[in-house]
Amino acid sequence: MSSKSLSLKNISKRFGNVNALDNFNLEVGVGELVALLGPSGCGKTTALRVVAGLEHQDAGTVLVADKNISDVPAHKRNMGMVFQAYSLFPNLTVEENVAFGLQMRKVSKHLRLKKAHELLDLVGLDSQSKRFTHQLSGGQQQRVALARALAFEPEILLLDEPLSALDAQVRVNLREEIRRLQISLGTTTLFVTHDQEEAMAISDRVGVMNNGVLEQIDTPDALYNKPASSFVASFVGTMNRIPAHISNGMVEIFGSKVVALKRGNESGKVHALIRPESISVVATTTQGNAKVLTRSFMGASSNIICQTADGTIVQSLMTSASTGDLLPGSSVQLRILSSEVLVANV
Amino acid sequence: MSSKSLSLKNISKRFGNVNALDNFNLEVGVGELVALLGPSGCGKTTALRVVAGLEHQDAGTVLVADKNISDVPAHKRNMGMVFQAYSLFPNLTVEENVAFGLQMRKVSKHLRLKKAHELLDLVGLDSQSKRFTHQLSGGQQQRVALARALAFEPEILLLDEPLSALDAQVRVNLREEIRRLQISLGTTTLFVTHDQEEAMAISDRVGVMNNGVLEQIDTPDALYNKPASSFVASFVGTMNRIPAHISNGMVEIFGSKVVALKRGNESGKVHALIRPESISVVATTTQGNAKVLTRSFMGASSNIICQTADGTIVQSLMTSASTGDLLPGSSVQLRILSSEVLVANV
Amino acid sequence: MAKALRIKFQPPLAITLLILGFFVFLPMLSAFEYSIRTPLTGGYGWTHYIWAVTEEDFLHYILRSMWLAGVTVLITLFVLVPTMTWLHLSNSKVRGLIDGLSLLPLVIPVVAFAVGAQISFPEFVQNTVLELPFLYFVLALPYAYRSLDIGLNSIPLKTITEAARSAGANWLRTITSVIIPVIRGSVMATIALTFALSLGEYTLTVLLHWDTFPTWVTYVAQDNILGAIAISMMSLIIPFLILTVITLFVPERTIQGRK
Amino acid sequence: MAKALRIKFQPPLAITLLILGFFVFLPMLSAFEYSIRTPLTGGYGWTHYIWAVTEEDFLHYILRSMWLAGVTVLITLFVLVPTMTWLHLSNSKVRGLIDGLSLLPLVIPVVAFAVGAQISFPEFVQNTVLELPFLYFVLALPYAYRSLDIGLNSIPLKTITEAARSAGANWLRTITSVIIPVIRGSVMATIALTFALSLGEYTLTVLLHWDTFPTWVTYVAQDNILGAIAISMMSLIIPFLILTVITLFVPERTIQGRK
């Protein structure tokens, strides 16, 4: 395949008074899938649009395979892009949509339809090739958009929240499919999303952005287990923030003393950052340290939301089998299961 | 509160040639939250709209606290309804929206604004009361819609996929909030959704619908662990369908023989229905029985998708710690962890 | 994503403004300049304007045209708002047909229309000037219909209506307290379009032998073209005020707010 | 959710059809009936129609009006499609201003407009009949602008444009191969509105001393009202064909398809 590496060097971009990107740097290797993750307004979409050529940076350079493409117009960049939704051309059939990029590249009708069918086959929609796009479901439309973006063998694939307008079930299926296709074609991919679960599930590396800068870029495991900042810790996965007091490097939580992992100069009153799966909830007949608010059944596991005597909301994730007696309103004892916790300033 | 019980008796409703509801029965107790779950077109929304009076049934009766309301027009039914999205009145402020139902009931301006603020406080939006609705995020808009539906103390609360237009994170937070509010106000609630996770997470009971009839109605735990049909088994939670052969009440899966739990007259070639958490994946240096396709990191647990030698796709859910060496393409050994499996005809 | 607030030089915009300037503003200004010339002294003066306002027919005809236009607006709103709300909610197949029919008055030559009305309408209709608002309504229909159609299409009408009803509003209140306020911009545009068209209608009025402001202006123009221009200029103020109102209540775009 | 296909009796629909029937179809049919009367024999005949088509001016003027209308349509599309695409994409503050300005021709009295044009336009513009299409373009602007606006608002323009560009289409191809086909319905409606308005424009044409089909019909009507009606009836066929075209290419509703 024609896949290339991508690098952004010292990109800055302002909109009015807002710094969308502030001296932003990113490297994506050949065949790698990197996700940019962050809250809305963090600059992730701007970064992707600068790569696509749909926005022009105020400063910095975009390199594809070490070639500076900063001044190449969007339609000559040879990048496949999948948008949030509704980007298909409603006047064209499915196969004509997929063949559009090749038509613009003056490929003969026979060849471009052959290629379109090849890609529709890959996304499991070859049987729908003669239909119009409004006859397809949201998930099918995004599959067609993916096929269209890949049909002209782009050097880079750009995914701009392609799943955000879809239903939960379709979203999960399609993200797995995108990943399988991306691995098998080996296309270098930049994927922008605000959904941490999505980013973590299918990426080689995830870059967490905030206010136009990259806070941390790392593998999903590393981000989850070794977050570089309190922002990353709270944004990636669910994180309880429990008020505690630090002394001699230890914090006391639910009656147990555990080692505090400090990032900076946290001291005195702090928040202990604890994952839901590191908290156990046990029903007590005596006075416990919390009360159950709700129990959500999630299949293999259940999510228990409790409130401690001082009003803190605590979330715990346990196997469903062990939560049968945790009814809303019942008195429970919370315990921490790990021997170390991250702490952050209040 | 003024909460009442709801029952639908032998409701039928056709649209053209489609039987949206076919002799449908449902009972919802006082203060209970019942979800109707099913694929699109299964009739769940029609059932809700019949209760609201927005559709009129061809046959059958709707009872609220044993009073027949079948012929009461929608605006006199006193039911609070929350729609999928964009149901707020864009010309009114947040507080005016919430007070709308009371205004229609000729409550004095002072009293209705007082009540509106009370409810906005409950959904955490009292500070936004003077704003217009387009200035709010999607999640905030749905909170206002919820407050509006509850402001006139409805006998029944009807939720028509209120979360489906929201982002994943907001969706999870709001569903927990709806449940907490519903428990504390004790309002009888009918909740329609196509998202099984959502239904399972916050309902007292979940009714699974298909083709206009209720396939099963039960607690989330019971639906997950004792599905009444192959449709329910596959629709609720993720379910692997693995081809197997049944003989003497036993099926062989991944080399182990396990007891087959039969629902009907399943025999010969069957599908074994196995939850992802009941399958373990272990890396092997020798020839395994499957290959890893993708590994999705989900925080505490990871999702492994494998393909067996005969092409079957198998999904497994394991703690993230035990999946570090399961890279795409690596050879693995699948094992079944339970001693009994449900089977269904191919 | 914020956009730069500065207005940069943009070729398409420049072309539009240039064309509007040359073909709209230039004629307007020239006509005005011409109407205030005083050929005898060689300078400028308000002679023709003073003549116009002291002419007692001026007030008579402009008031008559205004109340006819007002009645036309009322007919338009009473007929179209409930009908079109129903058409949009029902998803009925006839909607496409009505969409097409509403364009008909645009292509029917007014001559044929006037002669036909004279022949076919019963005496009691033709004896009253109230025949005009109904005919103006028909002439304005294509524009009024489109304008309300935009408004009703730009809102999630079905959901909003059902939300109002389930919150306790009957149909009348749903239309008056919810739908009309929500498509306020469209309704204002419809009012303005219908009012302006009724106020300026000439051909049909003349053919049916009625006298209104435009026919009077044309009559004046035969002897005193400068006086007629002065009158037109002054009558412009009225629709201009209406235009200002529309611009203040700019039609809502889609509520969802696409990115 | 499927809807019953049967068309039930519905009061609002009945009212609309009744009003349209009384004020549109009745006059039309009466005019037609009147035009085929033969007072001498007491029956019906095609006398006036035969007279009209044998009149050599008929073809001359209708062809002239049609090519002027055709030029107006071309001017409208060339000016408006790129400008409005740009306005919609740019999200610029000037869009509201242009939206308002595009309504101006609706409220300017044609008399003032015509006199102004005569005074202010340079000689070489006034010497050619090509002055008319530009003025017709201005008169049709409010409708053409609204109609294209509906189309551009009903599609996710920004996303579709960016999808076309990132797939390799330059600006020209994006407009011609993507935007215009996607808002086909709107473009057809714009063409039809502009064409019909240009074909029927009378007041401005007369005031500027040009002869076109409508001025000729009026001239004929002075001596031979039945002949004029016959001519009008036949000229109706042309816009009617155009109307059929619009109805076939019904404007797209929003692509998202709200429930």
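Not measured: the values here are computed from a predicted model.
Using a 4.5 Å cut-off between heavy atoms, A:A165 makes no contact with chain D at all. In this structure, the portions of A:A74 lying under 4.5 Å from any heavy atom of chain D include both its backbone and its side chain. Interface residue D:R173: only side-chain heavy atoms are found under 4.5 Å from chain A.
A:Y86 places none of its side-chain heavy atoms less than 4.5 Å from the side chain of D:I155. A 4.5 Å side-chain heavy-atom check between D:T159 and A:Q84 finds every atom pair outside the cut-off. Looking at heavy atoms from C-beta onward, A:R49 lies in side-chain contact with D:E162 at the 4.5 angstrom threshold. Counting heavy atoms from C-beta on, the side chains of D:S166 and A:L158 never come closer than 4.5 Å.
The two residues A:S87 and D:A163 make their nearest non-hydrogen contact at O-CB, 3.7 Å.
Within 6.0 Å of the CZ atom in D:F134, the count of heavy atoms belonging to other residues, nucleotides or ligands does not exceed 12.
Between A:M104 atom CE and D:S177 atom OG the span is 4.5 Å, to the nearest 0.5 Å. Distance CG/A:N91 to CD1/D:I179: 11.0 Å, rounded to 0.5 Å.
Chain D forms more heavy-atom pairs under 4.5 Å with one residue of A:R105, A:M79, A:K76, A:R148 than with any other, namely A:R105.
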